[in-house]
Amino acid sequence: MMNILTVFNIIPDLDLISEAEWASDIVDTRLNFPGVKTVPEAQDESAAELALRFRDAAAAASADSVAAASAGSHASAAAAAIDSEVRLTAVTFGNAVADKALRTLTALGYQSADRIDTDRPGPDNEESHAALLAEYCRKRGPFDLILTGTQSGVSGFSQLPLLLAEALQFPCITEVTGFSAGAEGRIRIEHQTDTGILSEDLPTPLLLTIGDVPDTCLRIPTLRQRKASGSNPPSVISASEFSEELKENGIRLQSVSAIDQSRAARQMEGDTDDIVKQIVQEYIREGTR
């Protein structure tokens with residue numbers, strides 16, 4: 001059996017937030033946008049989908065193994081099915097707003113979906129979250145693969161995956177674009193490097209940070225899947241269960257201000273051909289300076 005943990009983060013849909021809301025809605029050093037639709041971070045969503053695809057591939061391989069062994073030993077067929085079994089777990093931080101995303105994952109086949117409750121005053125930084133996640137992994141694991149988005153974590157600073165890998169002493173592969181079953185129980189990892197895509201077979205345990213992967217939007221569960229998962233609701237875990245004191249150091253949000261994206265403009269009147277000639281001449285003059 002292979003245990004895979006997907007760590008994801010729920011954020012407000014930033015396209016729906018006005019500039020005034022950015023400046024005013026900061027509560028306990030956290031961004032707070034009540035009533036605004038929340039979504040998983042894009043790379044976290046890719047991580048969840050890639051875990052589902054890995055499970056599907058393992059199930060297909062198991063079915064093929066059973067079919068191939070059906071003419072021989074039944075024991076070998078059963079062993080092949082067990083070796084291909086994948087268990088999926090998801091975990092996130094936050095309040096009850098995140099439960100919708102967790103219920104979606106259980107409907108899609110995640111066996112466990114946990115929310116570490118941080119809906120209270122206190123530290124909200126990468127170090128504290130990494131420490132809590134490390135304790136979670138030690139108590140709920142062991143996990144063979146831990147998946148996160150490259151930008152996972154508070155404010156998208158990309159520190160959480162690296163801090164978690166350090167705390168667990170897991171090798172960390174960044175900018176992963178895909179993974180599959182490799183030879184001899186290893187995992188074949190494809191990840192972006194400075195010279196292109198590198199493919200290599202690595203032993204578990206591993207922590208993989210998922211980069212920008214095309215065509216990995218999380219699938220939508222059917223109504224039947226949602227009904228079937230009703231008996232497997234997300235579990236809520238108090239942060240104090242893992243650590244009585246959260247780390248106070250690290251980067252914390254103090255203020256937010258909009259980036260000035262205005263540009264200088266000039267209105268030109270007259271004949272179109274003359275305006276075009278003037279623009280070209282000014283462009284040439286600017287380029288020779």
Side-chain angles (χ1 to χ4, degrees), residues 1-9 40-69 76-91 105 108-113 133-134 137 140-153 158 160-219:
M1 176 186 291
M2 174 165 288
N3 289 320
I4 300 178
L5 173 66
T6 302
V7 181
F8 70 98
N9 192 31
E41 288 197 30
Q43 294 171 337
D44 292 350
E45 188 175 279
S46 294
E49 174 61 23
L50 289 175
L52 290 169
R53 294 182 186 183
F54 184 90
R55 178 207 61 186
D56 295 345
S62 177
D64 291 342
S65 298
V66 171
S76 62
I82 292 174
D83 289 342
S84 300
E85 185 178 353
V86 175
R87 178 178 176 81
L88 301 181
T89 302
V91 64
L105 292 178
L108 291 172
Y110 274 71
Q111 284 85 355
S112 299
L133 278 174
C137 292
R140 300 299 175 98
F143 296 105
D144 300 292
L145 283 180
I146 299 178
L147 310 178
T148 77
T150 296
Q151 293 184 338
S152 289
S158 307
L160 179 63
L162 302 178
L163 291 169
L164 178 58
E166 181 180 21
L168 295 173
Q169 294 297 294
F170 276 25
C172 181
I173 311 299
T174 60
E175 296 294 342
V176 172
T177 58
F179 61 94
S180 58
E184 301 178 354
R186 297 186 173 215
I187 301 297
R188 179 160 298 165
I189 309 296
E190 295 180 353
H191 59 108
Q192 183 71 48
T193 67
D194 292 339
T195 57
I197 299 294
L198 176 64
S199 178
E200 52 187 334
D201 286 4
L202 299 174
T204 58
L206 290 168
L207 190 149
L208 309 180
T209 70
I210 309 301
D212 294 325
V213 187
D215 303 322
T216 51
C217 292
L218 185 64
R219 63 192 71 175

Should [X] and [Y] count as side-chain neighbours, where that means a heavy-atom distance under 4.5 Å?
X      : Y      : answer
Leu202 : Pro171 : no
Arg219 : Glu49  : yes
Ile189 : Leu206 : yes
Gln43  : Val213 : no
Ile4   : Asp144 : no
Gln192 : Val176 : no
Leu218 : Leu108 : yes

Distance-only, no hydrogens or angles: does the Tyr110 side chain make a donor-acceptor pair with backbone N or O of Ala48 under 3.5 Å?
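Between the backbone of Ala48 and the side chain of Tyr110 there is a qualifying donor-acceptor contact (under 3.5 Å).
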Are Val86 and Asp56 close enough, and set up right, to give a side chain to side chain contact (heavy atoms under 4.5 Å, CB included), and what steps lead you there?
CA-CA 9 Å; Val86 175; Asp56 295 345; over 6 Å; no
According to side chain to side chain donor-acceptor pair (under 3.5 Å), does anything in residues 171-189 pair up with another residue at least two apart or in another chain? List the pairs.
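Passing the test, one end in residues 171-189: Arg188-Asp201.
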After noting the C-alpha distance and the side-chain angles of Gln111 and Thr89, does the key distance pass the side chain to side chain contact (heavy atoms under 4.5 Å, CB included) rule?
CA-CA 6 Å; Gln111 284 85 355; Thr89 302; 5.8 Å; no
Minimum-distance pair of heavy atoms, taken over all atoms of Cys137 and Ile146
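Scanning both residues completely, I find the closest heavy atoms to be SG-CD1, 3.8 Å.
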Can you sort out the partners of Arg87 under salt bridge (Lys or Arg N to Asp or Glu O under 4.0 Å), two or more places apart, ordered by chain and number?
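Result, salt bridge (Lys or Arg N to Asp or Glu O under 4.0 Å) vs Arg87: none returned.
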Interatomic distance, Phe179 atom CZ to Glu190 atom CD [nearest 0.5 angstrom]:
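One gets 11.0 Å once the value is rounded to the nearest 0.5 Å.
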Leu160 and side-chain contact (heavy atoms from CB on, under 4.5 Å): which partner among Thr148, Asn9, Leu133?
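The side-chain contact (heavy atoms from CB on, under 4.5 Å) with Leu160 is passed solely by Leu133 among Thr148, Asn9, Leu133.
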Could you check Leu88 against Thr6 for side chain to side chain contact (heavy atoms under 4.5 Å, CB included), going step by step and ending with a plain yes or no?
CA-CA 8 Å; Leu88 301 181; Thr6 302; 5.9 Å; no
